[in-house]
Amino acid sequence: TQLLEQSPQFLSIQEGENLTVYCNSSSVFSSLQWYRQEPGEGPVLLVTVVTGGEVKKLKRLTFQFGDARKDSSLHITAAQPGDTGLYLCAGAGGTSYGKLTFGQGTILTVHP
Amino acid sequence: SAVISQKPSRDICQRGTSLTIQCQVDSQVTMMFWYRQQPGQSLTLIATANQGSEATYESGFVIDKFPISRPNLTFSTLTVSNMSPEDSSIYLCSVKGQGNQPQHFGDGTRLSIL
């Protein structure tokens, strides 16, 4: 069974602060997705990382895939209230073709 | 990415009744999935909806409780049968293309059972 440990579970910060969310596993994934979900909506895909060591940037968000494709991080610079939401990492591949292994989620609250 | 329409968006039901949730995609997709989510928490996979054959259920979920149909490559339904308050949750469908294409999600059905 593949597991993806996501931390922290909760983050409450002030506008302008930086933060990092981590996802770690003992399993290798062929790709890893990051989603953001707001209340009343489904998860929205932010990024997919595929190559070990890959770094992708989306405005103030930086995503990194570990060299061994077992871990990933999401770093947000100068957080804004609009970044508030539930962030989910999800790994694909391995023994579960097509299915995703989700982390526990991080609820981020950015206070103005 | 595909446009995914999920209906109903929310419902309040009486215990013992059943509700069918529909998921419609605007293009053919390889795989469709059904998830359950408690507000503020992560997603739990219920089953993979297989086109033209029985769905593949995850541990803890059975066909009698959550019958699923997928008659074609753009449509699937999930029925929550004989509902109890413990079934109150958000139910989400997702779709996936071939290869390394990621999953995309509908906006979910918020279900409350009285």
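Chain identifiers are assigned alphabetically (A, B, ...) following the order of the sequence lines, protein sequences preceding nucleic acid strands; residue numbering begins at 1 within each chain.
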Exercise for review: Kindly indicate whether the side chain of F102(A), heavy atoms from C-beta on, has any atom under 4.5 Å from the side chain of L45(B).
Suggested key: no
With chain A, the option among T44(B), L43(B), T30(B), L92(B) that has the most non-hydrogen atom pairs under 4.5 Å is L43(B)
Ordered numerically, the heavy-atom neighbours of chain B under 4.5 Å found in residues 32-65 of chain A are Q33(A), Y35(A), Q37(A), G40(A), E41(A), G42(A), P43(A), L45(A), T48(A), V50(A)
Residue set satisfying side-chain hydrogen bond (donor to acceptor under 3.5 Å, both in side chains) with S18(B), at least two apart, ordered chain then number -> none
> Is a side-chain donor-acceptor pair under 3.5 Å present for Q104(A) with S42(B)?
Replying inline: no
Those residues at least two apart in sequence (or on a different chain) that pass side-chain hydrogen bond (donor to acceptor under 3.5 Å, both in side chains) with S25(A) are none
| Have T79(B) and T20(B) got a donor and an acceptor in their side chains that come within less than 3.5 Å? | yes
Residues passing the side-chain hydrogen bond (donor to acceptor under 3.5 Å, both in side chains) test with Q41(B), sequence neighbours excluded, are none
Per-residue tally against chain A (heavy atom, under 4.5 Å) across Q6(B), E58(B), Q98(B) peaks at E58(B)
Looking only at R10(B), Q101(B), Q37(B), the option with the highest number of non-hydrogen pairs under 4.5 Å against chain A is Q37(B)
task = Evaluate whether atom CD of Q14(A) has more than 12 neighbouring non-hydrogen atoms of other residues, nucleotides or ligands under 6.0 angstrom away.
result = yes
